[in-house]
Amino acid sequence: MKPIFSRIVATGGYLPERVLSNHELEQMVETSDAWIFARTGIRSRHIAAPDEKTVDMAAAAARQALADAGLRAEDLDLIIVATTTADQIFPSTACLLQARLGNHGAPAFDIQAVCTGFIYALATADRFIRSGGARHALVVGVESMSRIVDWTDRGTCILFGDGAGAVILSASDQPGIISTHIHADGAYADLLQVPGGETRMTMQGNAVFRMAVRTLGEIVQETLAANALTAEDIDWLVPHQANIRIIQATADKLGLPMERVVTTVEHHGNTSAASVPLALDDAARRRCFQPGQRLLLEAFGGGFTWGSALLRWG
């Protein structure tokens, strides 16, 4: 029998209508557009409407991906949602999304790895397909970060936004997802967290920045070594959109010019688990990628968690 691989056959994305600019934040906390942009690369972010739920955004991105794949919801054998900001404790966002789409019977579950959630979910779906457990999988990263941000804390409220990104993975006899690599170290939990019983995030920004730059550099090297590749073999970097300085540091380690790095942080902010799939969808719709090109996806998040996925496009 031929080996089974998974490949991305479609993407989807959704951003809320409401845009919150740095200039508006100047009226809310002691900050400025120049200060925010110089340190983060962010100009604006999208904020979910008061009546807009996490599952609403997930459904919008999922429907777009399904339409682009030419599939119906009932064709899905697996639904995984990566989110930190579920609408309710249970059922899972994935089960709520499944009902919204009209799929019945496929396994559906959430993964919570904060900003690395989409990479974790992609790795899980890839393994399902490679083992023959699914033929078509929907993977969604979605966040309503505005609901856990402390809007009086200028160190965190300037960073985050809301949105959803989705991909459809399908079985193939040709490699699409080449390899995935995921890690965690809970010893650093107190540096970035929403403590139990609370609904607001706390972050030690400088420590998180240093750890992100180091671990993302390491995961890049791990991915290259595992596939006997060099940095020159990577055509595009699709990074987690947390901070332009972290993105630039990772690109420098790869020796990639910023023209080959997908960046949406300026107008999306940090959408946590939605960050990588939204960036992927944005670049795909701008036709940045050519069939056969190698893409390196990577992310770092609270936990700490970090991970990467190497894939061939098309």
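Residues N103 and E74 bring no donor and acceptor atom of their side chains to less than 3.5 Å of each other. No donor-acceptor contact under 3.5 angstrom links the side chains of E298 and H181, judged on distance only. Side chain to side chain, T271 and E143 fail the donor-acceptor criterion of an N or O pair below 3.5 Å. Checked by atom type, the side-chain pair N22/R45 shows a donor-acceptor distance below 3.5 Å. Side chains of Q293 and W236: a donor on one and an acceptor on the other come within 3.5 Å. E232 and T230 share a donor-acceptor pair across their side chains, judged by distance under 3.5 Å alone.
Minimum interatomic distance between A249 and V213 (heavy atoms only, all atoms of both residues): CB-CG1, 4.1 Å. Contact between A125 and A137 at its shortest, heavy atoms only, is CB-CB, 4.1 Å. Considering all non-hydrogen atoms of both residues, A299 and V276 come closest at CB-CG2, 4.3 Å. Residue A273 comes nearest to G117 through the heavy atom pair CB-CA, 4.4 Å, listed as atom of the first residue, atom of the second, then distance. Between A94 and D110, the shortest heavy-atom distance links the atoms N-OD1, 2.8 Å. Contact detail for I219 and S308: the closest heavy-atom pair is CG1-OG, 3.5 Å.
At a threshold of 4.5 Å between non-hydrogen side-chain atoms, the residues L97 and V140 count as touching.
In this structure, R100 contributes its side chain and A59 its backbone to no donor-acceptor pair below 3.5 Å. The backbone N or O of L224 sits nowhere less than 3.5 Å from a side-chain atom of N227 that would complete a donor-acceptor pair. Judged purely by atom type and a 3.5 angstrom limit, R294 has no side-chain atom pairing as donor or acceptor with the backbone of I234. Side chain of E266 to main chain of S44: no donor-acceptor pair is present (N/O by atom type, distance under 3.5 Å, no hydrogens or angles). Put simply, the side chain of W306 never gets that close to the backbone of E218: no donor and acceptor are under 3.5 Å apart.
L278 and V261 fall into different hydrophobic clusters, where Ile, Leu, Val, Met, Phe, Trp and Tyr residues are linked whenever their side-chain heavy atoms come under 4.5 Å apart, directly or through other members. Linking ILVMFWY residues whenever their side-chain heavy atoms come closer than 4.5 Å, directly or via other members, places I244 and L254 in the same cluster. Connection of V262 to L280 is established within a shared hydrophobic cluster, with ILVMFWY side chains joined at heavy-atom distances below 4.5 Å, either directly or through further cluster members. Connection of I148 to V114 is not established within any shared hydrophobic cluster, with ILVMFWY side chains joined at heavy-atom distances below 4.5 Å, either directly or through further cluster members. Under a hydrophobic clustering in which Ile, Leu, Val, Met, Phe, Trp and Tyr are joined whenever their side-chain heavy atoms come within less than 4.5 Å, directly or via other members, V142 and F118 fall into different clusters.
A salt bridge links D75 to R72: at least one charged side-chain nitrogen sits closer than 4.0 Å to a carboxylate oxygen. Electrostatic pairing of R18 and D162 does not count as a salt bridge here, judged by no charged N lying under 4.0 Å from a carboxylate O.
The distance from atom CD1 of I4 to atom CG of D126, rounded to the nearest 0.5 Å, is 11.5 Å. The distance from atom CD1 of I42 to atom CZ of F160, rounded to the nearest 0.5 Å, is 8.5 Å. Rounding to the nearest 0.5 Å gives a distance of 8.5 Å between OG1 of T305 and CD of Q112. Rounding to the nearest 0.5 Å gives a distance of 10.0 Å between SG of C288 and CG of L295. How far CG of L96 is from NZ of K53: 8.0 Å, rounded to the nearest 0.5 Å. Once rounded to the nearest 0.5 Å, the distance linking CZ of R135 with CG of L78 reads 14.5 Å.
A cation-pi contact, defined as under 6.0 Å to the ring centre and within 45° of the axis, links R245 to F209. In this structure, R7 forms no cation-pi arrangement with W313, as its terminal cationic atom is not both closer than 6.0 Å to the ring centre and no more than 45° off the ring axis.
Between H46 and H268, the ring planes are perpendicular. Angles over 60° get that label, and only those under 30° would be called parallel.
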Run the side-chain contact (heavy atoms from CB on, under 4.5 Å) check on V220 and K253 step by step: do they pass? CA-CA 8 Å; V220 164; K253 287 182 180 294; 5.6 Å; no
